[in-house]
Chemist: 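The structure is given below, and queries will be raised subsequently.
Quick caveat, the model's predicted, so the values are computed rather than measured. Values reported hereafter were calculated over all heavy atoms of this structure, with side chains retained and with hydrogens, waters and symmetry mates removed.
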Amino acid sequence: MTAISAPLTDMVQLELFDLPVITQSSKQIAVKSARSGTFTDNMKLPVHRWFRYSAGFSAEWAEQLIREYSPSVVLDPFAGSGTTLLAAQAAGAMAYGYESHPFVARIAIAKTHWNQPVRKLLEAKNELLQVARQATFPEMGVMPDLLAKCYTPEVLLQLYALRNAYLACAAHFEPEVAQLLWLALTAILRSCSFVGTAQWQYILPNKRKSKSLDPFMAFEQKITEMMADMDVLRNSIHCSEAVLLVHDARAVPDEVAIDSVDLVVTSPPYPNNYDYADATRLEMSFWGEITGWCDLQEIVRQYIIRSCSQHATAEKLKMETLLADPAIEAIRDELSAVCYELSEIRLTKGGRKAYHTMIAAYFCDLSKVFQALRPVCKLGSTLCFVIGDSAPYGIYVPVDDWLGRLAVDAGFKSFSFEKLRDRNIKWKNRKHRVPLHEGRLWIKG
């Protein structure tokens, strides 16, 4: 387990992110509320926009919630790329975050270093670019097939020149500044590719973009954007402490005190078969952390919530064993009925995806998350989970109800669900016609 904290700085506090809300119409506010379960609006916010992760929720909503509750300590057990941590910093609240995907955790850690001196980042960027431009034929080593499919040879030479320059220079820089440089280079990889690399989807090598960026220019632009954001926030908010733990939410960490957390703001993976391990395969391939898709199981999947069928298949999970787990006692009968129905219907499908074991494993995992949260949360604390339901192979899974009951079984007092929006209501090109929804699961401690 690794803990990284963003240092405290002395700055004048100004509620920067609250200002736009004052001038908005009630219709605009309602639209934003409906979108609070998505990361769309974050791409206009300082620091949040540095890297577009494929999951998340509204940072403005999270900051507003934190200000409303005025907690001593905020916790996000699924910190992702750091939305809650950054929102808590802006609101002046101490925050902890857990993230078990090691590469995504590194992204979040880098973001929390936004309060570094801009001058140091500028000097480091200039040194890195000087070294990179001198590398006429940079050493590329054994290249993963994915990179060869995503970039032209000329662009690859430039990207590897930047990467090798970073590796050569990083030790000369302060660790926080080096992490910002790493994030800047990581963040431009998709915009420099000529194939389908949209941040919210898997890589699509057969899809072509109309435009891709020059790596050196894209890197300079990203650093310029980062420095501008750092200046804005440095002059606008008083930064509180944010600690990111590279940690599995299914266990209690030593770093978070018992009975210390007032507010939990998070969004766990939805059981909708999205492979979070695959979400950063391009970036991990570029940095040499994996050589191919098969490496994801050992490097990432074994540490994250089991919310995709690839995960369940790779671990060769047994449905009967999962359904016997004491962790799901509160919902065992209903969960078993759904899982057995899925085990039968999958035999009629071409892909025969292991949704039956995936769903069982998912609720076992989330139950253990609630059990791990109970000791660190104060009596009377509030937990808000942004969550969506699911219907694999058209079999409905009432995620919000089952998670609420598992939370109560873990020792929390009560739960309620607030629907934000409907999902899966436009039937064209859909695999099933079961209407779904997304919303906030409120849990009282």
Side-chain angles (χ1 to χ4, degrees), residues 1-8 57 61-80 82-100 105 108-109 112 238-268 303 305 325-330 363-387 400 402-418 440-445:
M1 183 188 305
T2 304
I4 306 291
S5 64
L8 294 169
F57 48 85
W61 164 77
E63 183 186 343
Q64 182 182 11
L65 183 67
I66 293 167
R67 291 186 185 280
E68 179 183 342
Y69 279 84
S70 300
S72 300
V73 178
V74 181
L75 171 63
D76 185 347
F78 300 99
T83 300
T84 298
L85 293 181
L86 295 170
Q89 282 188 311
M94 168 67 188
Y96 288 97
Y98 311 155
E99 180 50 55
S100 56
I109 289 167
T112 64
H238 178 80
C239 175
S240 59
E241 188 175 11
V243 179
L244 192 286
L245 306 175
V246 185
H247 174 70
D248 187 336
R250 292 169 288 191
V252 180
D254 296 331
E255 292 84 348
V256 181
I258 302 300
D259 293 327
S260 65
V261 175
D262 307 278
L263 178 65
V264 173
V265 183
T266 194
S267 182
Y303 302 114
I305 297 297
D325 193 318
I328 50 93
E329 174 65 32
F363 286 99
C364 284
D365 286 351
L366 266 294
S367 178
K368 291 167 185 174
V369 170
F370 287 123
Q371 292 172 9
L373 286 173
R374 180 61 280 182
V376 301
C377 289
K378 295 179 180 177
L379 293 176
S381 58
T382 299
L383 290 71
C384 185
F385 277 57
V386 178
I387 193 66
D400 45 282
W402 287 359
L403 290 185
R405 287 160 58 186
L406 289 174
V408 171
D409 193 55
F412 291 97
K413 183 178 179 181
S414 63
F415 73 92
S416 61
F417 183 71
E418 173 193 6
R440 302 171 187 145
L441 177 64
W442 296 92
I443 300 166
K444 287 294 183 181

Chemist: About how many Å separate CD1 of Ile443 and NZ of Lys413, when rounded to the nearest 0.5 Å?
Modeler: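 Going from the NZ atom of Lys413 to the CD1 atom of Ile443 covers 14.5 Å.
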Chemist: Please check: side-chain N/O of Thr112 versus main-chain N/O of Ile109, any donor-acceptor pairing under 3.5 Å?
Modeler: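 Judged by distance alone, yes, a pair lies under 3.5 Å.
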Chemist: What is the distance from atom CG of Asp76 to atom CG of Leu245, rounded to the nearest 0.5 Å?
Modeler: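 Answer for the CG-CG pair, Asp76 versus Leu245, is 11.5 Å.
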Chemist: Under a plain distance cut-off of 3.5 Å, with no hydrogens placed, do Lys378 and Ser260 share a side-chain donor-acceptor pair?
Modeler: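 Ser260 vs Lys378: no donor-acceptor pair found between side chains.
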Chemist: For residues Tyr96 and Val376, determine if any side-chain heavy atom of one lies less than 4.5 Å from a side-chain heavy atom of the other.
Modeler: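 Result no, sub-4.5 Å side-chain heavy-atom pair not found.
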Chemist: Please report the closest heavy-atom contact between Ser367 and Ala327, naming both atoms and the distance.
Modeler: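 Heavy-atom minimum between the residues: OG-O, 2.5 Å.
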Chemist: Please report the closest heavy-atom contact between Ala372 and Ala249, naming both atoms and the distance.
Modeler: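 For Ala372 and Ala249, the tightest heavy-atom pair comes out as CB-O, 3.5 Å.
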Chemist: Considering non-hydrogen atoms only, spot the tightest contact between Arg67 and Ala90 and give its length.
Modeler: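 Looking at all heavy atoms of both residues, the shortest contact is NH2-O, 3.0 Å.
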Chemist: Look up atom CG in Asp325 and atom CG in Asp365, then write down how far apart they are to the nearest 0.5 Å.
Modeler: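 Spacing of CG (Asp325) from CG (Asp365) equals 9.0 Å.
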Chemist: Keeping the roles fixed (side chain from Thr84, backbone from Val265), state whether a donor-acceptor pair exists under 3.5 Å.
Modeler: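 Present.
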Chemist: Under the 3.5 angstrom rule, does the side chain of Asp262 hit a backbone N or O of Ser72 as a donor-acceptor pair?
Modeler: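 Yes.
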Chemist: Per the side-chain contact (heavy atoms from CB on, under 4.5 Å) rule, which among Phe57, Phe417, Trp61 passes with Arg440?
Modeler: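 It is Trp61, the one option of Phe57, Phe417, Trp61 that forms the side-chain contact (heavy atoms from CB on, under 4.5 Å) with Arg440.
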Chemist: Considering non-hydrogen atoms only, spot the tightest contact between Gly82 and Ala108 and give its length.
Modeler: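 Looks like N-CB, 3.8 Å.
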Chemist: As an exercise, state the distance from CG of Leu403 to CG of Leu441, rounded to the nearest 0.5 Å.
Modeler: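 Interatomic distance, Leu403 CG to Leu441 CG, rounded to 0.5 Å: 6.5 Å.
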Chemist: Could you give the distance from CD (Glu255) to OH (Tyr98), rounded to the nearest 0.5 Å?
Modeler: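 So the CD of Glu255 and the OH of Tyr98 are separated by 8.5 Å.
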Chemist: So that I know where these two stand, are Phe415 and Phe385 an aromatic pair - ring centroids less than 6.0 Å apart?
Modeler: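 For Phe415 and Phe385, the ring centres are not under 6.0 Å apart.
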Chemist: Return yes if some donor-acceptor pair links the side-chain N/O of Glu241 with the main-chain N/O of Met94 below 3.5 Å, else return no.
Modeler: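 Checked: no pair found.
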Chemist: Determine whether Thr382 and Lys444 make a side-chain contact, defined as any pair of heavy atoms from C-beta on separated by less than 4.5 Å.
Modeler: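 Of all side-chain heavy-atom pairs linking Lys444 with Thr382, at least one is under 4.5 Å.
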Chemist: Ignoring hydrogens and geometry, is there a side-chain-to-backbone donor-acceptor pair from Arg374 to Cys377 under 3.5 Å?
Modeler: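 Yes.
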Chemist: To the nearest 0.5 angstrom, please state how far the CG atom of Leu379 sits from the CG atom of Asp259.
Modeler: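 Result: 6.5 Å between the selected atoms.
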Chemist: Between Pro77 and Val264, what is the shortest heavy-atom contact and its length?
Modeler: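 Looking at all heavy atoms of both residues, the shortest contact is CD-CG1, 3.7 Å.
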Chemist: Mind listing the closest non-hydrogen atom pair of Val386 and Ser267 along with its distance?
Modeler: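 Taking every non-hydrogen atom into account, O-OG, 2.9 Å.
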Chemist: Output, in order, the C-alpha distance, side-chain angles, deciding distance and verdict of side-chain contact (heavy atoms from CB on, under 4.5 Å) for Val369 and Ile305.
Modeler: CA-CA 10 Å; Val369 170; Ile305 297 297; 4.2 Å; yes
Chemist: Is there a side-chain contact (heavy atoms from CB on, under 4.5 Å) between Leu373 and Phe412? Walk through the geometry before answering.
Modeler: CA-CA 10 Å; Leu373 286 173; Phe412 291 97; 4.1 Å; yes
Chemist: Counting N and O atoms only, with roles assigned by atom type, does the side chain of Arg405 sit under 3.5 Å from a partner on the main chain of Ala330, one being a donor and the other an acceptor?
Modeler: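 Yes, because the side chain of Arg405 sits within donor-acceptor range (under 3.5 Å) of the backbone of Ala330.
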